[in-house]
Amino acid sequence: MLWNVDGVRITRVVEHVMPFAVDFFAEATPAHVAAEPWLVPDFVDSRGWYLMSFHTFVIEAGGRCIVVDTCTGNSKDRPLIPEFDHQRRPFLADLAAAGFVPESVDMVVCTHLHVDHVGWNTCLEDGRWIPTFPRARYLFGAADIDHWSNSEDPLHASAFADSVQPVIDAGLVEPVVADTSLTAEVRIRTSPGHTPGHLSVWIGDSCVITGDVVHHPIQLRYPEWTASGDLDPDAARATRRELLAAAASTNALVLGTHFAGTSAGRVLLTEDGYRFAPETAG
Ligand SMILES: [Zn+2]
């Protein structure tokens, strides 16, 4: 998938898609999902489970190549999630086939430091985790570095150890403390709630890469729903409402970090709340 927004090219490279049960959102019931038949087949499967995509967006702007989120990675020890555990996926070959060899990447933005957003930061070579993108500056929310470097959560502590600490040790990380422009067009904005140092990426006011501010298109119908993993649900709700209102007000192209299908659409504000209008590439 490829989009052009205000002279900026954005390419999606998918690592994998997997289904999640309805209770991924604590407030959701099968009836809620069944009441949104437009979600099938791109966003909900025939059993009524959410389809979640794990993909990278590559932004080409101002002569820079920026990778946003690095999925789950290969060879990682993740016994708690079989779909993430010691995988052998062709993601780097797919990224290269899309035109992006690791050496061509100037920046890596991890919207946050959860296990499914940091995986390809590193690769295993001769028993050591080394940075996958050797020329890149890696931008992580400073509050996420603080939080996850002190976490005892077994899943995310191991992700920090094998996919974050090695790039810190290599001197490649720039902690992000506030909204920051990466090029004339591309700006990262702090969007806390899901995690304390969460970041979203905007192309002017014309396009937003959500990160995990929104996990699934059904959350446009139910912005109050909390996702599994929202560390501060109230802050996450407030940030989600702010992002959706901003995207609706400028008719921005929304690129969902876990949206399956084309991953893209617009936020429409109706008398009955928000609607998601999926969009193909272009
Ligand atoms: Zn995620």
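The figures that follow rest on heavy atoms only: side chains count, while hydrogens, waters and symmetry mates do not. Remember, it's 1-based here, ligands and their atoms both numbered in the order they're listed.
Classified by interplanar angle (parallel below 30°, tilted 30° to 60°, perpendicular above 60°), the ring pair Phe20/Phe54 is tilted.
For residue His114, no N/O/S atom approaches the Zn ion (ligand 1) to within less than 2.8 Å. Residue Asp69: no N/O/S atom is found under 2.8 Å from the Zn ion (ligand 1). Not one N/O/S atom of His112, from backbone or side chain, sits under 2.8 Å from the Zn ion (ligand 1).
In this structure, a donor-acceptor pair under 3.5 Å is present between the side chains of His117 and His258.
Considering the Zn ion (ligand 1) as centre, the angle to NE2 of His117 and to OD2 of Asp116 is 90° (10° rounding). The OD2 atom of Asp212, the Zn ion (ligand 1) and the NE2 atom of His258 define an angle of 110° (nearest 10 degrees).
In the hydrophobic cluster analysis, where Ile, Leu, Val, Met, Phe, Trp and Tyr join through side-chain heavy atoms closer than 4.5 angstrom, Val176 is grouped together with Val109.
Applying the side-chain contact (heavy atoms from CB on, under 4.5 Å) test between Asn121 and each of Thr132, Val173, Asp69, Val108 identifies Val108 as the sole match.
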Atom pairs and distances, donor-acceptor, side-chain atoms in residues 123-131, under 3.5 Å, two or more places apart:
none

